[in-house]
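Remember, it's a predicted structure, so these values are computed and weren't measured experimentally. Note on naming: letters A, B, ... go to the chains in the order of the sequence lines (proteins, then strands), and numbering restarts at 1 for each one. Atoms considered below: every heavy atom in the structure, side chains included; atoms not considered: hydrogens, waters and symmetry mates.
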There are 2 protein chains.
Amino acid sequence: MNHQAFSELDLTSLLSLSYSTLIYELHDRLSELGYGDIRPAHGFMFRRIIPNGATGIELAEHLGITKQAVSKMVDYLVKSGYVKPQTHPTDKRGKIIVLTERGWSVVKAKEEILADIQQRWIENIGAERMQLLKEDLTKLVYEANEGKLSSKVRPVW
Amino acid sequence: MNHQAFSELDLTSLLSLSYSTLIYELHDRLSELGYGDIRPAHGFMFRRIIPNGATGIELAEHLGITKQAVSKMVDYLVKSGYVKPQTHPTDKRGKIIVLTERGWSVVKAKEEILADIQQRWIENIGAERMQLLKEDLTKLVYEANEGKLSSKVRPVW
DNA sequence: CAATGTGGTCAATCAAGTTGACTATTTTGT
DNA sequence: ACAAAATAGTCAACTTGATTGACCACATTG
């Protein structure tokens with residue numbers, strides 16, 4: 001696999017590969033730190049639970065998946081010790097999902113690893129180009145999802 | 001969902017969202033053209049089958065999945081009329097997967113749609129910035145996968 | 001030409017999602 | 001005030017795209 005081979009990749013492949021490359025290294029390193037039971041799909045759920053917890057419905061909307069799917073994911077994360085349910089203060093039907101101490105520790109580890117990878121990327125392409133890259137991607141995502149983000153556009157770590 | 005909300009997204013989220021945004025529009029439009037039975041996972045398989053066909057093992061290596069998974073995908077694509085098996089010229093065990101006419105037509109449709117989306121993106125951020133974006137992503141993907149691309153780094157359309 | 005390797009299939013399982021039916025509460029309209 | 005409708009969540013069965021393990025037929029190699 002040489003550099004030339006990559007030059008032929010179109011934008012879709014580039015986005016896909018850069019994303020999966022990042023995710024793969026992240027989860028590899030999380031595994032080494034003892035967080036092997038966290039999978040990519042769990043990441044954006046954590047982002048919504050921080051900082052004050054969230055209900056199942058809120059998580060479902062945020063992730064663009066059904067509440068049943070959220071329910072299963074939450075079950076798994078409770079069993080693995082990353083989150084715990086709290087009784088809802090005003091609604092007896094509802095429950096609020098919050099991070100446990102282990103949950104917070106994996107979020108912290110994730111942030112450190114991502115900062116590290118991003119630093120390596122900056123050393124590779126330069127800080128200015130990295131800034132441009134982020135700006136452009138932000139613009140593209142924003143324009144493409146004008147007023148209707150969420151459903152089906154399901155980000156993961 | 002306002003622009004400010006996106007500004008807080010980290011690189012991982014940006015890559016994930018720009019990718020899924022692209023894929024989602026692509027498959028939406030393929031559906032409208034009558035290719036609703038093609039799913040994102042099939043895309044990179046087509047890229048390897050073009051132009052001269054490929055064996056199951058070659059596809060498995062290219063996609064970084066097992067030969068059993070390839071076998072199932074091929075079954076589905078044969079049933080849907082996008083590819084067909086040809087007998088291997090020298091190895092009686094093997095078979096070569098090639099595109100049918102319908103296979104070629106969906107590949108062509110895919111390319112037109114992607115070109116169209118990319119054109120819109122260029123109008124949005126400018127041709128120079130698009131060039132930089134591609135260069136930088138190419139660089140990042142290349143550096144990160146130095147000599148070990150493929151397994152687990154599984155690109156799709 | 002026997003032993004080993006390789007291309008492919010079958011079957012069972014898993015992960016992450018879906019739809020549909022249901023219960024228990026809460027909110028709303030008259 | 002209270003019946004009707006909406007909402008939060010669960011249970012169960014199914015789907016898609018993957019996995020592992022066992023196996024068969026053919027190819028390659030000492």
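If you check dA12(C), dG8(C), dG17(C) against the side chain of Lys72(B), the one that comes closest is dA12(C). With dT19(C), dT13(C), dT10(D) as the candidates, the nucleotide lying closest to the side chain of Thr66(A) is dT19(C).
Between the P atom of dT15(D) and the NZ atom of Lys79(B) lies a distance of 11 Å, rounded to the nearest Å. Between the CE atom of Met73(B) and the P atom of dG8(C) there is a distance of 15 Å, given to the nearest Å. When rounded to the nearest whole Å, the span between OH of Tyr76(B) and C1' of dA18(D) equals 16 Å. For the pair Lys95(A) NZ and dA24(C) C1', the computed distance is 14 Å after rounding to whole Å. Between the CG atom of Leu63(A) and the C1' atom of dA15(C) there is a distance of 16 Å, given to the nearest Å. The distance from atom CD1 of Ile38(A) to atom P of dA15(C) is 14 Å, rounded to the nearest whole Å. In this structure, CZ of Arg39(B) is placed 15 Å from P of dT18(C), rounded to the nearest angstrom. Between Glu61(A) atom CD and dT7(D) atom P there is a gap of 10 Å when expressed in whole angstrom units.
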Residues 64-73 of chain A, side-chain donor-acceptor partners within the protein, below 3.5 Å, at least two apart:
| from | atom 1 | to | atom 2 | distance (Å) |
| --- | --- | --- | --- | --- |
| Thr66(A) | OG1 | Ala69(A) | N | 3.2 |

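Applying the side chain to side chain donor-acceptor pair (under 3.5 Å) rule to pairs touching residues 93-109 of chain A yields Tyr35(A)-Ser105(A), Tyr82(A)-Arg102(A), Asp91(A)-Arg93(A), sequence neighbours excluded.
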Notebook entry, point to check: Could you walk me through whether Ser13(A) and Asp10(A) pass the side-chain hydrogen bond (donor to acceptor under 3.5 Å, both in side chains) check?
Noted result: CA-CA 5 Å; Ser13(A) 312; Asp10(A) 62 22; 2.8 Å; yes
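Leu99(A) is not listed as a side-chain neighbour of Val106(A), based on a closest heavy-atom distance of 4.5 Å or more. The shortest side-chain heavy-atom distance between Leu22(A) and Leu140(B) does not fall under the 4.5 Å cut-off.
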Next item on the list: Produce a footprint string for nucleotides 21-30 of chain D: one letter per nucleotide, 5' end first; B if the base is under 4.0 Å from any protein heavy atom, S if only the sugar-phosphate is, - if neither.
Entry: B---BBS---
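Side-chain atoms of Ser20(B) come within 3.5 Å of backbone atoms of Ser16(B) as a donor-acceptor pair (strictly under, hydrogens ignored).
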